[in-house]
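So the structure is just underneath, and the comments pick up after that.
Values below: every heavy atom of this structure, side chains too, minus hydrogens, waters and symmetry copies. Keep in mind that what you see is a predicted model, and the values were worked out from it rather than measured. Residue numbers start from 1 in every chain, and the chains themselves are labelled A, B, ... in the order their sequence lines are given, proteins ahead of strands.
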Amino acid sequence: MKYDFTAIEKKWQKYWEEHKTYAAENGGDKPKFYGLIEFPYPSGEGLHVGHPRPYTALDIVTRKRRMQGYNVLFPIGYDAFGLPTERYAIKNHMRPEDVTRRNVKRFTQQLKMLGYGFDWDRCVVTTDPEYYRWTQWIFLQMFKKGLAYKTSMPVNWCTDCKIVLANEEVVNGVCERCGGQVVKKEKSQWMLAITKYAQRLLDDLDTVDYIERVKTQQRNWIGRSTGAEVDFGTTAGDKLTVYTTRCDTLFGATYMVVAPEHAIVEKWLRDGRITNPDQVRAYQQEAARKSDFERTELEKEKTGVEVLGVRAINPVTGGEIPIFLSDYVLASYGTGAIMAVPGHDQRDWDFAKAFGLPIVEVVQGGDVTQQAYTDCDTGVMINSGFLNGLPVEQAIPTMIRWLTEKGLGREKVNFKLRDWVFSRQRYWGEPIPIIHCPRCGWVPMDEKDLPLRLPDVESYEPTDTGESPLAAMEDWVKCTCPKCGGPAEHETDTMPNWAGSSWYFLRYMDPHNDQAPVGKEAADYWGQVDWYNGGMEHTTLHLLYSRFWHKFLYDIGVVPTSEPYHKRTSHGMILGAGGEKMSKSRGNVINPNDIVDMYGADTLRLYIRFIGDFEKAAPWSDEAVKGCKRFLDRVWNLAETPLTGDACSAENEKEVHRAIQKVSRDIEEMKFNTAIAALMALVNRFYASRPSRGDIRILLQLLSPFAPHIAEELWQIQGFEGLACQSAWPEFDESKTLDAEKTIAVQVNGKLRSTVVVPADSGEEAMKQAAFADRKIAGYMEGMDVVKVIAVKDKLVNIILKPKK
RNA sequence: GCCGGUGUGGCGGAACUGGCAGACGCACGGGACUUAAAAUCCCGGGACCGUAUCGUCGUGCGGGUUCGAGCCCCGCCACCGGCACCA
């Protein structure tokens, strides 16, 4: 009989679905294991071969865990709010929920086609009102704790999408999604105070098991630095505070720079302090017009304008120094103002050169007439009054102490992380459950009125003004104030698509709870996600956001752990055949349906694992897929006819136990490619040395996580009890994996010259004797003196020779 | 520029963390089966020289440590990802 993968896969998928083979239980005696993959955005294009890479990986891990006796939760859902759906809906005059429903259906079919062991009863969709009701609820709790606030601020405005973007969504100064130009625009926005959690988000990275590059990237993103705030006096009487990590160089501060947007400039302009207001205003306007992209592109050249009429006073020297406006100083970091130390900061040096400002050396070691001496963490202070002669590492605390005592400064920690812009002027997102009352201000909705549903409209258009489409839907907007009962309006902004994905893993634990986002019992039972795999591109977005939300939920007692994920791994991309990114425009996208039609889901699953190192990018190859199909054909041919001998055969015992060892270990380390290589080698062995029924039983068990359909079918054909995927994962006996004899290398002066066979665990003497007894080696020894012999057990003997005198 | 990663046959990739480089697979070559082809099964492939043995060279480049380096150290180059005037 031929290997009819289509029939077999359909048959078992139907069986699993009917029998709820992969359903998780909230409770029981078994140890729990929660494996998670990032739920997909149900795009109109459907699944592409990139999706199965992480999915299959954790499918394999969780299938193995099930066989090892765990109560496994391996859920799936859809992150369905978002711009592509909204755009598609507008373009085709459809309702976004209908587009979503259709896409979800298609994705579901495709995922089922690949035979994943998802617990489909726990499927969640973020656009489901019963789901986003709790997204809104969490937002309300944040609002009540002061973590959600509304503020007017310069935001990133995509001129194409006509939408406000989070900093994280701006890539190289252009919109991450559409590549459109991004400019600054003043707007009132809802914000989430993620910065209040910055320190904890940083510290708790030490408590989790994430791959190192994820931790590093998050640390850099959070960007903690320790320094000091220093107050400079001004001739206008105002205080101008700066942040610096190098307060030891204060004596070298020869001028100051403030960001063009800095509030103090407005004040001085208003007070008529500035004698060149036109110049200053012109520079401010120029800076505002520039997008971030332009600002950073002009990296080389420093521009700026001096603020005439006001001067700053260096608190240590008492000397007056000029104040400049320049856009190389960012309003959003530190205090929006810096003290410029051109001797020891290259940007300040460039600026000082351009404007002819004095450059003072305060740390010895460089030549500040040529360039800034920035590599000066270990130098000695000079030209610095009471700091003279001190090494930098002592000068910093000395200065901080001095500043603190005089009330002129203080130690200060800063973060690069900024608060999260949480408003979107879009229809297809969770409505923000806040009501604006002319009398009471921003008032949270009553929790019992959740969910605040999106209005059901046939069609709508986006606005050009930056207002949400919801603003045009008067019936929906008008409401009564929950506080005073007077007429009020709903907030018309919606949440960004990161909202729903910030807590979805909790909903899986208790998907039908209508009292809470997740019940206490369920949250206590499942605890942390044991293993979460996802893309590197989410490291500073989704992964950080969801850690933040989880910590908040921990603080208000909803969840029992302060970190959501115990272990985080990340997969490499699947590239097109030429090594380029797969994309519609390049026309190199592989549709998994085509592969499944041609070779079957099991082959696709195998190939996507065998393609290379899980963590690295790997190019797709149509040719190489065949190798995996061929392998399954060979397995089929071995096992489709009845076999005898229920025990593991003596001839194959060693290979079988080695395969168990190798596959077991490799799955844990996500080295799926070598696990499959081991299975292939085992099958090759079985072609040379006929396997017993017992041998095949183990092969099928090892194969089951990778290629569950064929494994199940052959399991049934061989008449084994139950299901392969529910059988107990085979154990290996280490003693059976060992060789009785070892072939060891014999080197002469480090070069391989021969090999000899010795009993395993031979002592050094025995190995040396065997080496010297070798005919080839004897040839090398003629006329030579033995200087030294190195023997490494079970590996090699290296004989060092030199010519006889 | 900074941070992280990678560099091994014609190709995808292995190498237990310093011990026989190239597992497994693709492609290729040879053989068996077949009227023939496909499929399947068996065998062979790092390069160079040779019938073969032997030998020499070989893990991006240049040095170093070591009995021994793909792996460790120093200095470069290239590519990929992230951040980017962060004071």
Integer angstrom distance from the P of B:G62 to that of B:A78: 16 Å

N/O (side chain, A:R219) to phosphate O (OP1/OP2, B:G4) under 4.0 Å: no

B:G82 phosphate, OP1 or OP2, under 4.0 Å from A:R213 side-chain N/O: no

Aromatic plane relationship, A:F324 with A:Y255 - under 30° parallel, 30 to 60° tilted, over 60° perpendicular: perpendicular

Between B:G63 and B:G58 - P atom distance, rounded Å: 11 Å

Phosphate OP1/OP2 of B:A27 contacted by A:R630 side-chain N/O (<4.0 Å): yes

Name of the residue among A:R547, A:R213, A:R568 meeting side chain to side chain donor-acceptor pair (under 3.5 Å) with A:Q218: A:R547

Parallel, tilted or perpendicular: ring planes of A:F355 versus A:F351, cut at 30 and 60 degrees: parallel

Presence of A:K751 side-chain N/O under 4.0 Å of B:C57 phosphate oxygens OP1/OP2: yes

Nearest-Å distance once atom P is located in both B:G44 and B:C26: 15 Å

Closest to side chain of A:T674, choosing from B:C41, B:G7, B:A15: B:A15

Integer angstrom distance from the C1' of B:A38 to that of B:A32: 16 Å

Strand partner of B:G44, provided both Watson-Crick or wobble distances fall under 3.5 Å: B:C28

Touch class at under 4.0 angstrom, heavy-atom based, for A:N684 against every strand present: sugar-phosphate

Salt bridge A:E640-A:R634, side-chain N to carboxylate O under 4.0 Å: no

Nearest-Å distance once atom C1' is located in both B:C3 and B:A15: 29 Å

Distance-only donor-acceptor test, A:K416 side-chain atoms vs B:C83 base atoms, 3.5 Å: no

Span that lies between the C1' atom of B:G31 and that of B:G68, in whole angstrom: 41 Å

Sugar-phosphate, base or nothing in reach of A:I790, heavy atoms under 4.0 Å: base

Gap in Å between the two C1' atoms, one belonging to B:G55 and one to B:C71, rounded: 27 Å

Touch class at under 4.0 angstrom, heavy-atom based, for A:S621 against every strand present: nothing

Side-chain N or O of A:Y687 closer than 4.0 Å to phosphate OP1/OP2 of B:C43: no

Euclidean distance for P, B:U59 against B:C54 (whole angstrom): 22 Å

side-chain N/O A:N220 vs B:G4 OP1/OP2, d < 4.0 Å: no

Side-chain donor-acceptor pair present, A:R753, A:Q747, cut-off under 3.5 Å: no

